[in-house]
Amino acid sequence: MLTAFARAFKTPDLRKKLLFTLGIMVLFRLGAHVPVPGVSFENVNQCVKEAEGAGAGLFGLVNMFSGGALLQLTIFALGIMPYITASIILQLLVVVIPRLEALKKEGQSGQAKITQYTRYLTVALGVLQATGLVATARSGSLFAQCTVRDQIIPDDSIFTTITMVIVMTAGTALIMWLGELITDRGIGNGMSILMFVSIAAGFPGLLWAIKLQGNLADGWIEFGVVILAGLAMVALVVFVEQAQRRIPVQYAKRMIGRRSYGGTSTYIPLKVNQAGVIPVIFASSLLYIPALIVQFSGSQAGWADWINQHLVKGDHPYYIITYFVLIVFFAFFYVAISFNPEEVADNMKKYGGFIPGIRAGRPTAEYLSYVLNRITWPGSLYLGLIALVPTVALVLFNANQNFPFGGTSILIIVGVGLETVKQIESQLQQRHYEGFLR
C-alpha cells in the first residue's frame, strides 16, 4: 500500500492532482479560522471553551459539517451545509416538477442547468442561514451557558449585520467553488472531500476530550476502548457499504446487417444501503425543528417544556425511538424517489435485456421493487443503529454528544474515503496493473 502511494506521487499528472487537492484542503481549513468582521474573537473563544463540555447542542450537525467553524463565527461558518441542503431539495424537486425531470433526461446539458439552479439555491440558503446565525449569536442563544454570550457581537448596527451576512454568504459561495475545482482538477468529488475534511478536523480534539474526561488510568483506558470501538465501527460500515445484491441481466443477440450485437451478461447492483447518509441528515434536521421553535419563541408553556424534556435530550427514550423511526422512514422514502424500478425495466426492455426467469416489462419492475424493499429493511435498520451509537456512548461512557465514531460522521468519512481510494486506484491501474492493493 505504501508502495502504491509512492507510485502515485511519482506519476506527474496524478501527483499534480493530489497536491492540488491537498492545497485546496489547506486553504479550506485556513478559512475556517478567519473570524467574520464585527465579531469579538476573544469572547467567542471564551464561549467555545465553556461550551466544549456541553457539546454543540442544537447546532451540532451544522457545526460538524463546518469543521467547528460555525461556533467560532468564521467566514466559513456555514460550511458545506447550504450546498447539501440545496442538492437534496433539487433531487426531491426533480421527481415532483416535470420541467426538472425533463432537464435531467436531456443528459449533460440538462444536468448543467440543474447544477446552475443548485448554485443559485445554495446562495439563497446561505443568505437565509447567515441571517439566522447572526440573529441567534446576537440574542445569546448560540451559547446558552456562556457568561459573555451577549457580547459576541458588540456592534448591533444594521451595517455590521449586513456585512456579516454578505461575508458568510460569500464564504459559502467560495466553498462551493473550491469543491468544484477539486472535482475538475483534483481527485474525487470536491464537495465530498471538503465534507470529509470538515468532519475529520474535529476528530483529534474529540478523542483527546474523551481522554481528559476519563477516570480510569488518567483516561487512557477509556481512550483505548473508544479507539477499538471506532475500528470495529469502521470495519462494520465498510462491510455494509460495500454489500450489494447483484441481479443478473441477459441481453439477447441482435443481427444488424452481417454483425451480431448483444448476447452479453451483466448485472444490476443494488446496494444494501442504497440511500447513503441522506436519511440520517433528514431525520436530524427534522428533529431540530421543534427544539428551534421553542428556543426562538422563548415560550414557557407546557408544550415547550414537554419538547425540551422529550425531544431535545439525546438520551431520552422518546427521542431515541423518534430518531430511529424517522431514519427508517426516510431510508425507504429516499430509495423510492432515487430508484425507479419501472424506468429501469422499460430501459432493459428497450435494449433487449431481461432478468433470467422473469418476463420483461411489468413483471421485471415488480421483481425489482420486491428485491429493493427486502434489502432496504436491513439497510435502514443498520443506518438507525449506527446513528444511535453516540447516544449509547452518552449513556455508557458519559462521553457527551461529541462522541466521534458513529452517526453521520463515520458514515461520511468511510464513504468518501472508499470512493476516493477507488479513484486513485483506477488512475494507478492505467499505468501499473497490480493496482492500489496487491
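Numbering starts at 1 and runs along the sequence shown.
Remark: side-chain polar atoms of Q423 are paired, donor with acceptor, to backbone N or O of G188 under 3.5 angstrom.
Between Y323 and Y319, the two ring planes are tilted [angle within 30° to 60°]. Between F333 and F329, the two ring planes are parallel [angle under 30°; tilted spans 30° to 60°]. Using cut-offs of 30° and 60° on the angle between ring planes, the pair F76 and F28 is parallel.
Summarising the geometry of S409 relative to I199, their closest heavy-atom pair is CB-CG2, 3.5 Å, with the distance given to 0.1 Å. Of all heavy-atom pairs between A130 and M168, the closest is CB-CB, 3.8 Å. Nearest heavy-atom pair across A86 and T122 is CB-OG1, 3.4 Å. Residues K17 and I187 share a closest heavy-atom pair of CB-CG1, 3.9 Å. Shortest non-hydrogen contact noted between P279 and I327 is CB-O, 3.6 Å. Minimum heavy-atom separation, T183 to N189: OG1-C, 3.8 Å.
Here E343 does not pair with K105 in a salt bridge; the nearest charged N to carboxylate O distance is not below 4.0 Å.
With a 4.5 Å cut-off on side-chain heavy atoms, Y267 and Q244 count as touching. In this structure the side chain of E106 never reaches within 4.5 angstrom of the side chain of Q111, judged on heavy atoms.
At most 12 heavy atoms of other shown residues, nucleotides or ligands fall within 6.0 angstrom of atom CD in Q108.
Checking V414, V416, I410 one by one against I412, the side-chain contact (heavy atoms from CB on, under 4.5 Å) holds for a single residue, V416.
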